Undergrad: 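The structure follows.
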Amino acid sequence: VFLPEALQSLVIELQKLPGVGEKTALRFAFNLQQRGTEALMALVKALMDVAERVRPCSRCGFFAEGELCRFCSSPERDRTILSVVETPADVLAIERAMDFKGLYHVLGGVISALRRIGPENLRVSELVNRVKNEGIKEVIIITSASAEGETTALYIKKALEGLDVKVTRPATGIPMGSSIEFLDALTLSRALRARIEL
Ligand SMILES: [Zn+2]
C-alpha cells in the first residue's frame with residue numbers, strides 16, 4: 001500500500017520464490033531498485049536466456065540447452081548405469097558426491113496420493129523406454145527415504161519387471177524422511193556405494 005505499484009509487483013513476484021518471505025522480498029526489491037538500469041538489464045537478460053534457452057533434456061529430463069544435457073551428450077559417462085532421481089537438484093547433489101559416472105533419469109517428483117501425483121505425471125514410461133532401448137544394465141533408484149519415495153521405487157521396480165536390467169536402491173545411510181538434495185556428499189556417496197537389489 002505504501003510502495004509504488006511497480007515496486008509492489010516486484011515484491012509479489014519475488015515472494016513466489018522458495019524460502020523468500022515478505023521481509024526478504026522487500027530487501028531484494030529495494031536492493032534491485034538501487035542498482036540502476038544497466039545492472040537490472042543484465043538480470044533481465046539472464047532471466048530471458050533461461051526462459052528461451054533452457055528446457056528439459058529430451059533423454060533424462062535434466063536441464064539442457066538444446067536437445068541433450070551435458071551428461072547425456074558426454075562421451076565420458078558410463079551409459080550402462082542409470083541413477084533415477086526426483087529432481088534436477090538431486091542430480092547436482094549426486095555430482096557433488098562425485099562417485100557416480102553413469103547417466104541420470106529425472107522423474108520430476110514422486111508418486112503422492114496427497115498431492116495427486118500418479119506415475120503418469122512422472123517420467124516413468126520414458127524410463128521404461130530407455131531401459132528397453134539404451135543397453136542399460138543397472139538402474140539405481142535414488143528417491144527420498146520416505147513413504148512416497150519407497151512407493152515410487154517399488155512402482156518403478158514393477159514397471160521394469162521382465163526387462164533385462166538390475167534394479168537397485170541405496171541400502172543404508174539415507175536417514176528416514178530426508179531428501180537427496182540436502183544430504184551431505186559423504187553420506188550420499190556411502191549410500192550410493194552400498195546398494196541392494198530390489
Ligand atoms: Zn540428459
Side-chain angles (χ1 to χ4, degrees), residues 1-74 77 83-98 100 103-127 142-149 151-152 174-175 177-185 187-188:
V1 217
F2 304 106
L3 294 173
E5 207 180 313
L7 207 47
Q8 187 62 42
S9 337
L10 177 57
V11 171
I12 289 168
E13 288 308 312
L14 290 169
Q15 270 187 272
K16 293 177 184 171
L17 296 169
V20 176
E22 195 186 4
K23 270 190 184 168
T24 308
L26 284 168
R27 233 179 72 222
F28 285 171
F30 296 163
N31 178 285
L32 287 166
Q33 191 277 329
Q34 285 170 356
R35 283 186 188 204
T37 307
E38 207 170 308
L40 287 183
M41 285 313 289
L43 180 63
V44 169
K45 185 180 178 307
L47 292 171
M48 288 313 292
D49 284 351
V50 168
E52 285 165 9
R53 303 214 302 253
V54 180
R55 54 177 175 169
C57 170
S58 67
R59 196 167 292 165
C60 75
F62 188 67
F63 301 119
E65 278 190 67
E67 190 68 19
L68 294 178
C69 72
R70 285 200 137 148
F71 304 112
C72 291
S73 49
S74 164
R77 309 292 294 208
S83 272
V84 176
V85 296
E86 294 173 23
T87 66
D90 295 342
V91 171
L92 296 184
I94 294 170
E95 284 298 303
R96 272 196 300 268
M98 294 222 302
F100 184 69
L103 294 181
Y104 293 97
H105 191 84
V106 181
L107 291 170
V110 276
I111 296 171
S112 164
L114 205 68
R115 280 170 288 164
R116 295 189 185 182
I117 301 169
E120 68 283 357
N121 304 116
L122 306 172
R123 302 179 69 256
V124 176
S125 58
E126 287 90 337
L127 173 65
I142 315 178
T143 48
S144 53
S146 64
E148 292 176 345
T151 305
T152 307
I174 298 181
S178 52
S179 72
I180 304 306
E181 176 184 356
F182 300 113
L183 279 185
D184 66 280
T187 306
L188 187 54

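Model, not experiment: these values are computed from the prediction.
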Undergrad: Checking side chain to side chain contact (heavy atoms under 4.5 Å, CB included) against L183, which of I142, I94, L188, D90 comes through?
TA: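 One option only clears the test, and that one is L188.
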Undergrad: Measure the spacing between CG of L14 and CZ of R27 and express it to the nearest 0.5 Å.
TA: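 L14 atom CG to R27 atom CZ measures 11.5 Å (nearest 0.5 Å).
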Undergrad: Knowing that exactly one of V124, I117, T143, L122 qualifies, which makes a side chain to side chain contact (heavy atoms under 4.5 Å, CB included) with I111?
TA: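 One option only clears the test, and that one is L122.
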Undergrad: Less than 4.5 Å apart, any side-chain heavy atom of F28 and any of L10?
TA: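 The answer is no, as the side chains (C-beta and beyond) never meet within the 4.5 Å cut-off.
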Undergrad: Which distance, rounded to the nearest 0.5 Å, do you find between the CD of E126 and the NE2 of H105?
TA: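 Going from CD on E126 over to NE2 on H105, the span is 5.5 Å.
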Undergrad: Side chains of F100 and S83: does their closest heavy-atom pair fall under 4.5 Å?
TA: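 Touching, per the 4.5 Å side-chain cut-off.
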Undergrad: Please determine whether ring-ring contact (aromatic ring centres under 6.0 Å, His included) holds for the pair F62 and Y104, giving the CA-CA distance in whole Å, both sets of side-chain angles, and the decisive distance to 0.1 Å.
TA: CA-CA 8 Å; F62 188 67; Y104 293 97; 7.3 Å; no
Undergrad: Which value, rounded to the nearest 0.5 Å, describes the distance between L103 atom CG and C69 atom SG?
TA: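 Taking CG in L103 and SG in C69, the distance rounds to 7.5 Å.
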Undergrad: Measure the spacing between CG of L26 and NZ of K23 and express it to the nearest 0.5 Å.
TA: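 Here the interatomic distance stands at 10.0 Å.
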Undergrad: Under a 4.5 Å cut-off applied to non-hydrogen side-chain atoms, are L3 and F30 in contact?
TA: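 Yes. Closest side-chain heavy atoms under 4.5 Å.
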Undergrad: Tell me, with the steps shown, if N31 and R35 meet side-chain hydrogen bond (donor to acceptor under 3.5 Å, both in side chains).
TA: CA-CA 7 Å; N31 178 285; R35 283 186 188 204; 2.8 Å; yes
Undergrad: Side-chain contact test, heavy atoms from C-beta onward, threshold under 4.5 Å: evaluate it for E67 versus R55 and give yes or no.
TA: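 Yes, side chains in contact.
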Undergrad: Can you tell me how far the CD1 atom of I180 sits from the CG atom of L92, to the nearest 0.5 Å?
TA: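 Rounded to the nearest 0.5 Å, the CD1-CG separation comes to 13.5 Å.
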Undergrad: Determine whether more than 12 heavy atoms belonging to other residues, nucleotides or ligands lie under 6.0 Å from atom CD of E120.
TA: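 More than 12 heavy atoms, drawn from other residues, nucleotides or ligands, come within 6.0 Å of this atom.
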Undergrad: Can you tell me how far CD of E95 sits from CZ of R70, rounded to the nearest 0.5 angstrom?
TA: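 Nearest 0.5 Å value for the CZ-CD distance: 11.0 Å.
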